[in-house]
Amino acid sequence: FSSRRRHTRFKCDWSSDVCSSDLYELILRKVAKDDIKKLFDLKIETVNNHHRTVIINESDQERWFESIDRNTQFPASVFLIGSDGREDVGVIAISDINYISRNGNVSCDIFPRFRGKGYGTKLIQSGIRFAKEVLNMHKLCCEILDYNVASKKMVEKNGFVQEGLKKQQVFKNGSYVDSVVYGLII
C-alpha cells in the first residue's frame, strides 16, 4: 500500500508483516511471538502509567499473545512494534476499532533506553498515519493518567485535544487518579 501526501509514502508489505513511512522514519511491524518477553518486561516496568493494574506472569503474557485477534481483514485490535531500522523502540496499539464509525483507541509505550529522545512522537505519528491510511480511521482516542505529564505532552504535540476528564477514575498506589480523555480527528 502506498499513498502520496506531503510527498511521503506509507508502504506496507504484510507478507513480511512490515509497514514503514518515509516521513516518520519508523518501521512498524506486527507483534511476533519473539516479542513476548520484552513486552512483558515493558508492561511490568510501566504499570504505574496504565489504567489497569495487572498481576501477570510470563505464561499470562503468552496467553495474551495467543488471544490477539487474528482477523487480518478487520481486526478489533492491532499491536505494532516500532523500529528505527536497527532496534525496536516501542509498541503501539490501536484497539476497540470500530469500522462503521471509523474510530479506535490508541496507546503506546517506549522501551526505557529510548525515552526522552523523540521516539514517542515518531511512534505516535507513525501510528496515526497507519490508522488513517491503512485502517481508514477517522478519529483516534486515548486516555492518560493525569500525573503522566510526558504522555500528555506527547499527544498534545501531535494534535490530540483534551475532550474530557474522568475524575478519580483509576486507583493507583493507594489513591484515586483522574483520567484525561483525548481525541484526534485524522
Side-chain angles (χ1 to χ4, degrees), residues 12-20 26-84 86-115 119-120 122-124 126-131 134-137 139-145 147-148 150-151 154-155 166 169-177 179-182:
C12 291
D13 175 8
W14 288 115
S15 62
S16 64
D17 295 335
V18 174
C19 267
S20 65
L26 287 185
I27 297 165
L28 299 177
R29 65 173 175 79
K30 291 175 15 180
V31 168
K33 194 167 187 111
D34 292 346
D35 299 315
I36 292 174
K37 173 70 171 127
K38 67 181 158 194
L39 292 176
F40 171 75
D41 292 343
L42 183 62
K43 186 178 286 187
I44 297 302
E45 192 264 332
T46 61
V47 70
N48 286 327
N49 289 330
H50 292 276
H51 283 69
R52 286 181 237 151
T53 300
V54 292
I55 302 169
I56 63 171
N57 59 30
E58 290 180 14
S59 296
D60 296 323
Q61 187 74 4
E62 288 176 19
R63 279 192 295 280
W64 165 81
F65 176 79
E66 294 304 325
S67 75
I68 293 174
D69 187 354
R70 301 291 184 222
N71 182 336
T72 57
Q73 295 261 331
F74 296 102
S77 299
V78 177
F79 298 90
L80 304 166
I81 298 289
S83 168
D84 66 1
R86 296 176 305 278
E87 296 182 79
D88 295 339
V89 300
V91 61
I92 188 160
I94 303 170
S95 59
D96 302 318
I97 299 171
N98 181 322
Y99 289 96
I100 295 171
S101 297
R102 296 178 43 221
N103 61 43
N105 295 317
V106 65
S107 60
C108 70
D109 278 318
I110 302 300
F111 295 116
R113 57 181 252 155
F114 295 100
R115 291 185 192 143
Y119 285 104
K122 288 181 181 183
L123 185 59
I124 199 78
S126 295
I128 291 167
R129 193 75 184 274
F130 178 87
V134 177
L135 298 176
N136 194 31
M137 297 285 98
K139 181 177 181 181
L140 289 175
C141 302
C142 65
E143 287 191 40
I144 300 173
L145 297 177
Y147 60 69
N148 190 343
S151 289
M154 180 192 62
V155 298
K166 295 180 179 180
Q169 180 71 13
V170 178
F171 188 75
K172 286 283 181 182
N173 300 319
S175 63
Y176 288 92
V177 181
S179 179
V180 185
V181 180
Y182 286 94

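Since we're looking at a predicted model, the values are computed, not measured.
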Which atoms form the tightest heavy-atom contact between M137 and G104, and what is the distance? SD-N, 4.1 Å
Applying side-chain hydrogen bond (donor to acceptor under 3.5 Å, both in side chains), can you list everything that pairs with N103, at least two apart in sequence or on another chain? none
Sub-3.5 Å donor-acceptor pair from the side chain of Y99 to the main-chain atoms of L135, do we have one? no
Pairing of K122 and D84 as salt bridge, 4.0 angstrom limit: no
Any side-chain heavy atom of E87 sitting closer than 4.5 Å to one from F114? yes
Which distance, rounded to the nearest 0.5 Å, do you find between the CG of N136 and the CD1 of I97? 11.5 Å
Rounded to the nearest 0.5 Å, what's the gap from CG on D88 to CD1 on I81? Could you check? 5.5 Å
Mind checking what makes side-chain hydrogen bond (donor to acceptor under 3.5 Å, both in side chains) contact with D96, not counting sequence neighbours? N105
How long is the straight-line distance from CG of L145 back to NZ of K172, given to the nearest 0.5 Å? 6.5 Å
Tightest non-hydrogen contact, residues L42 and P112, listed as CD1-CD, 4.2 Å
Under-4.0 Å salt bridge between K37 and E62: no
For the residue pair N148 and V180, establish whether any side-chain heavy-atom pair is separated by less than 4.5 Å. no
So, do E58 and I36 sit near enough that their side-chain heavy atoms are less than 4.5 Å apart? no
Under a 4.0 Å threshold between the charged nitrogen and the carboxylate oxygen, would R29 count as salt-bridged to D35? yes
Could you point out which residue of I128, L80, L26 forms a side-chain contact (heavy atoms from CB on, under 4.5 Å) with L123? L26
Interatomic distance, OG@S95 vs CD1@I68, rounded to 0.5 Å, equals 12.0 Å
Between OH on residue Y119 and CZ on residue R113, distance to nearest 0.5 Å: 9.0 Å
Find the distance between NZ (K30) and CZ (F79) and round it off to the nearest 0.5 Å. 12.5 Å
Measure across M154 and C108 and return the closest heavy-atom pair with its distance rounded to 0.1 Å. CE-SG, 3.7 Å
NZ/NE/NH1/NH2 to OD/OE distance under 4.0 Å, K38 and D41: no
If you compare all heavy atoms of A131 against all heavy atoms of I94, which two are closest, and at what distance to 0.1 Å? CB-CD1, 3.8 Å
Taking the side chain as every heavy atom from C-beta outward, state whether I92 and S126 have any pair of such atoms under 4.5 Å apart. no
Would you say the side chain of L39 lies within less than 4.5 Å of the side chain of W64, judging by non-hydrogen atoms? yes
